[in-house]
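Numbered from 1 within each chain, the chains take letters A, B, ... in sequence-line order.
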Amino acid sequence: MLEIFNYNFIIRGIEAGVIIGAIAPLIGIFLVLRRYSLIADALAHVSLAGVALGFLLGINPLITAIVASVGSSIAVERLRLSRRVYADSALSIFLSGSLALAIVIISFTRGFSVDLFSYLFGSIVTVKITDLYLIAGLGIIVIVAIVAFYRELLYITFDEESAQVAGIKTRFINTLLIVLSALTVALAIPIVGVLLIAALIVIPVVTALQLRKSFIITILWAEIISIFAVLAGITSSYYMNIPAGGAIVLITIIIFITVYFLKKSDHHS
Amino acid sequence: MHGKKLIEIKDISFSYGDEKILDNLSIDIFQGDYMGIIGPNGGGKTTLLKIILGLLKPSLGIVKLFGIEIGKFKDWNKIGYVSQKATHIDSSFPSTVNGVVGMGLYGKKKPFHFINKQDKQKIKLALREVEMEDYRDRLIGDLSGGQQQRVFIARALAGEPEVLFLDEPTSGVDVKTQEQLYMLLKKLNKEKHLTTILVSHDLETMEREATELICINRTLMYCGMPKEFRVHENFEHYKGHELHIHHHNHEKYHP
């Protein structure tokens, strides 16, 4: 047996990482195609404020991150629907506002600055057994919700107006997508960290889109790329002693660049 | 001869801020009608369509679909819609023609229900109707504008609607493809008795194709036989607008 599997924390990290790797592209494909991938970044920053609050109050930071992220996702959606603020401006407000809040809260909690680095860039060492249960439980909820409303999400993403005429409750589906995004972002913090989550949600999907296949096949490729990157990233982090989050994201980028140029030479030949 | 009354629009007004877009409009649409809605740009054609489809709420007035007030209307599968936006889709969207037409069946389904064998047959028939069966596995973005438009009509037909709405379906499509689309719509109206409502800026085509004509410029300027519009007192007023618009479009499509 490989030495890497001798450590419980590595196994926990791999298990949590595979679940995150599986749900990130499921959410990502809808966000990317709706030109809404910036929401992942904004919610990640909100989650950081949640993490800081958890430390301040002495609650599991993953739980406070989830609450903060889901709560603000609903607020962002309301703000966007009010049409008084542009969608990207609404995201900017949340992104910088929550980062400001996070840094102020962090200044109150002595000692947290030591852990800050692992929450910013991810550290599988921080995945506790309760975190793993949370990630598994909520991860399954995300997958089930996506499967249940797959058709509605697809139709709205392709043509929102026609979907509405077809009797699809567009408001409900939009809120559902943003809440599921918020859950995914918060759950991914221990693995890739606040600053790198958006990459895991966006890059595997953008890479799969280069292949120009049907919707289901695009999702399958994004899943393969994402889960492979998580496994390869955690393994290389162990053997090369580098941060897992950074390794995972760099691997997705290497795959993206390779596919991009392979497909480009395809077009020219 | 008119069939059953399918759509009733009564005393509709719509304002956007202080600007009145539609003022006190009443129209009835009957089974089997092929109604052309024309009027100058900004005259409220698309707004009217969106009100009938429940996408916009009128400031005043009542809309009834199949005798039911629009707020309580549930049978949206009876309505087929080909939006103006349809011609501006994301060309890199990862969906095959089959996938896009399948969306036309989504409205009827409950959570966790997917496309089954029966649905596949409906998709096949709808694609055959618009003569796009051979393209079923192609990506939607790889098709020409006219082909895409046929696919969107197939998507609307897949749900087996009783009324088909189209908003400027031929905008940005070449003349030959336009003719083919109108032939297809006429066939659907005549052979399948599909009630069709088409928003257009092209009076000549509507005179030739439609069985009913409506002209809107904030208010209802004409409602009747397409061939009698030219002798109507409001025609001169419409023509003034139309000449300007025609020139504008000419520039847009042939730069």
Which heavy atom of [X] sits nearest a heavy atom of [Y], and at what distance?
{"X": "L139(B)", "Y": "R212(A)", "answer": "CD1-O, 3.5 Å"}
{"X": "G54(B)", "Y": "Q164(A)", "answer": "O-NE2, 4.4 Å"}
{"X": "D90(B)", "Y": "R35(A)", "answer": "OD2-NH2, 3.3 Å"}
{"X": "L154(A)", "Y": "Y106(B)", "answer": "CD2-OH, 3.6 Å"}

**OP:** Check whether any side-chain heavy atom of M103(B) lies under 4.5 Å from a side-chain heavy atom of D159(A), and answer yes or no.
**Re:**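 They are not in contact (no side-chain heavy atoms under 4.5 Å apart), so the answer is no.
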
Original post:
Has F66(B) got more than 12 heavy atoms of other residues, nucleotides or ligands less than 6.0 Å from its CZ?
Top reply: yes

**OP:** Return yes when atom OH of Y34(B) has more than 12 non-hydrogen atoms of other residues, nucleotides or ligands closer than 6.0 Å, and no otherwise.
**Re:**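 Yes, enclosed.
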
Heavy-atom distance under 4.5 Å to chain B: side chain of [X], backbone, both or neither?
{"X": "T170(A)", "answer": "neither"}
{"X": "F158(A)", "answer": "both"}
{"X": "S162(A)", "answer": "both"}

**OP:** Determine the option with the most heavy-atom pairs under 4.5 angstrom with chain B, choosing from I216(A), I168(A), L33(A).
**Re:** L33(A)

Original post:
Which of the residues V147(A), L209(A), I217(A) is involved in the greatest number of heavy-atom pairs with chain B at under 4.5 angstrom?
Top reply: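 Result: the option with the highest number of such pairs is V147(A).
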
**OP:** Give a yes or no on whether the backbone of H113(B) and the side-chain of R151(A) come within a donor-acceptor separation of less than 3.5 Å.
**Re:** yes

